[in-house]
Amino acid sequence: MLETRDLTLHYSGSQILNGVSLTAEKGQVTCVMGTNGVGKTSLMKAISGTHQRSGGEILFEGKALPKLPSHKLAQMGVGYVPQGRMIFPLLTVRENLETGLACLPRGGRVVPERIYEMFPVLKEMQNRRGGDLSGGQQQQLAIGRALVTRPKLLLMDEPTEGIQPNIIQLIGRVIEQLRAEGEMAIVLVEQYFDFAFDLADRFYVLSRGETVFSARKAETTRDAVQAAFNPHG
């Protein structure tokens with residue numbers, strides 16, 4: 001579904017990504033790991049079109065992607081759950097979900113009932129303002145908003161950050177369900193090691209904007225991934 005080849009990214013003269021190559025397959029969870037500041041969020045922004053890559057290639061469904069803005073990529077099937085959630089605090093839960101519908105054809109602009117089945121709290125609070133929700137509820141809203149677009153590729157940037165354990169478990173179950181349905185590729189950026197290891201089918205570990213470890217789960221061990229993720233631990 002997704003392949004990046006030698007992806008580079010610069011911010012105001014600094015090189016943030018240096019030749020990052022990864023593959024994300026349909027029906028699998030690809031996990032990108034690493035400590036703070038190694039380029040994980042920058043990689044998600046480059047793939048989603050939020051920031052344009054400086055060099056390298058991105059292939060989506062086997063075809064090279066030109067440099068496109070994020071709303072064009074959303075129309076093509078790229079869903080993005082950004083770090084920090086980025087919901088609209090003054091819009092209601094329902095209105096926040098409906099913002100995801102803009103990239104769909106007119107006839108398909110309805111919030112699917114399955115979003116409320118995955119995240120019942122969103123149905124209960126659909127008339128509440130986004131800013132009135134707890135952090136865990138906002139995270140569910142951000143994921144629901146991305147799923148409204150019916151993505152073929154779902155990018156999730158640290159969905160467990162600052163979230164209480166029961167909501168982390170719920171998010172994990174949703175990711176497992178989406179993987180089992182086999183309709184999308186999921187790229188998960190995560191620092192919570194146990195959550196990432198349990199869910200991932202394939203691992204990439206970044207350090208200073210470069211890939212320092214990559215392996216399929218079936219071909220590696222927990223200790224090997226842990227050592228790459230935390231080499232000084």
Side-chain angles (χ1 to χ4, degrees), residues 1-9 15-35 38-68 70 72-74 76-83 146-147 149-159 172 175-193 195-222 224-229:
M1 184 62 71
L2 171 75
E3 184 181 356
T4 72
R5 295 177 180 170
D6 297 323
L7 210 61
T8 59
L9 184 72
Q15 184 156 353
I16 308 300
L17 297 177
N18 183 20
V20 175
S21 299
L22 66 79
T23 299
E25 297 177 18
K26 196 172 176 181
Q28 292 194 355
V29 176
T30 300
C31 191
V32 179
M33 306 172 77
T35 53
V38 298
K40 304 184 305 295
T41 291
S42 297
L43 177 61
M44 293 299 98
K45 288 181 174 180
I47 295 170
S48 68
T50 309
H51 287 303
Q52 293 301 337
R53 62 190 184 273
S54 307
E57 275 191 302
I58 298 177
L59 284 78
F60 184 60
E61 296 188 290
K63 297 175 183 172
L65 272 183
K67 293 181 181 179
L68 295 171
S70 54
K72 291 287 186 186
L73 292 176
M76 295 176 70
V78 179
Y80 182 34
V81 183
Q83 187 179 28
L147 292 176
T149 68
R150 301 169 180 80
K152 300 172 185 176
L153 170 67
L154 180 63
L155 308 171
M156 305 180 78
D157 194 352
E158 301 217 23
I175 293 172
E176 287 175 339
Q177 177 185 339
L178 295 171
R179 174 176 57 193
E181 290 171 358
E183 295 300 313
M184 67 177 72
I186 299 168
V187 179
L188 173 67
V189 164
E190 191 51 70
Q191 288 199 70
Y192 179 11
F193 183 84
F195 181 82
F197 188 83
D198 289 346
L199 284 170
D201 298 290
R202 185 194 289 256
F203 302 96
Y204 291 89
V205 179
L206 298 188
S207 179
R208 297 182 180 178
E210 297 182 343
T211 306
V212 294
F213 178 89
S214 67
R216 293 179 184 272
K217 190 174 193 175
E219 299 166 351
T220 189
T221 65
R222 184 186 188 92
V225 181
Q226 180 92 61
F229 174 66

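Only this structure's heavy atoms are used, side chains among them; waters, hydrogens and symmetry mates stay out.
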Checking [X] side chain against [Y] main chain: does a donor-acceptor pair fall under 3.5 Å?
X      : Y      : result
Tyr192 : Glu158 : no
Thr4   : Leu7   : no
Lys217 : Phe197 : yes
Asn18  : Gly209 : no
Thr30  : Val187 : no
Arg179 : Leu199 : yes
Gln15  : Leu17  : yes

Query raised in the report: Checking side-chain contact (heavy atoms from CB on, under 4.5 Å) for the pair Met33/Tyr204: CA distance, chi angles, key distance, verdict?
Result: CA-CA 6 Å; Met33 306 172 77; Tyr204 291 89; over 6 Å; no

Query raised in the report: Do Gln83 and Thr41 pass the side-chain hydrogen bond (donor to acceptor under 3.5 Å, both in side chains) test, and can you show the C-alpha distance, the side-chain angles, and the key distance before you say yes or no?
Result: CA-CA 7 Å; Gln83 187 179 28; Thr41 291; 3.1 Å; yes

Query - Closest non-hydrogen atom pair, Ala146 against Val81 - result: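 Ala146 and Val81 have their closest heavy atoms at CB-CG2, 3.6 Å.
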
**Report entry** Verdict with supporting geometry, Tyr80 and Leu154, side-chain contact (heavy atoms from CB on, under 4.5 Å)
**Finding:** CA-CA 6 Å; Tyr80 182 34; Leu154 180 63; over 6 Å; no

Using a 4.5 Å cut-off on heavy atoms from C-beta on, say whether the side chain of [Y] contacts that of [X].
X      : Y      : answer
Pro82  : Asp157 : no
Val32  : Met156 : no
Leu153 : Lys26  : no
Leu2   : Ile58  : yes
Val205 : Thr211 : no
Leu178 : Ile186 : yes
Leu59  : Leu65  : no

Requested in this report: Would you please test Glu61 and Lys152 for salt bridge (Lys or Arg N to Asp or Glu O under 4.0 Å) and show each step?
Outcome: CA-CA 9 Å; Glu61 296 188 290; Lys152 300 172 185 176; 3.2 Å; yes

Requested in this report: Compute the ring centroids of Phe229 and Phe193, then answer whether they are less than 6.0 Å apart.
Outcome: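 Yes, they do, as the ring centres are separated by less than 6.0 Å.
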
Which distance, rounded to the nearest 0.5 Å, do you find between the [atom1] of [X] and the [atom2] of [Y]?
X      : Y      : atom1 : atom2 : result
Cys31  : Leu188 : SG    : CG    : 4.5 Å
Phe60  : Ile47  : CZ    : CD1   : 11.0 Å
Lys63  : Met76  : NZ    : CE    : 8.0 Å
Asp198 : Glu176 : CG    : CD    : 8.5 Å
Glu219 : Phe203 : CD    : CZ    : 11.5 Å

**Report entry** Test side-chain contact (heavy atoms from CB on, under 4.5 Å) applied to Leu22 and Leu43, step by step
**Finding:** CA-CA 10 Å; Leu22 66 79; Leu43 177 61; 3.6 Å; yes

Query raised in the report: Salt bridge or not for Arg216 and Glu25, using N-O below 4.0 Å?
Result: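 Salt bridge: yes.
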
Query raised in the report: Is the shortest side-chain N to carboxylate O distance from Lys40 to Glu190 below 4.0 Å?
Result: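 The answer is no: the pair does not qualify as a salt bridge.
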
Requested in this report: Flag yes if more than 12 heavy atoms outside Arg222 fall under 6.0 Å of its CZ atom; otherwise flag no.
Outcome: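 Above 12, so yes.
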
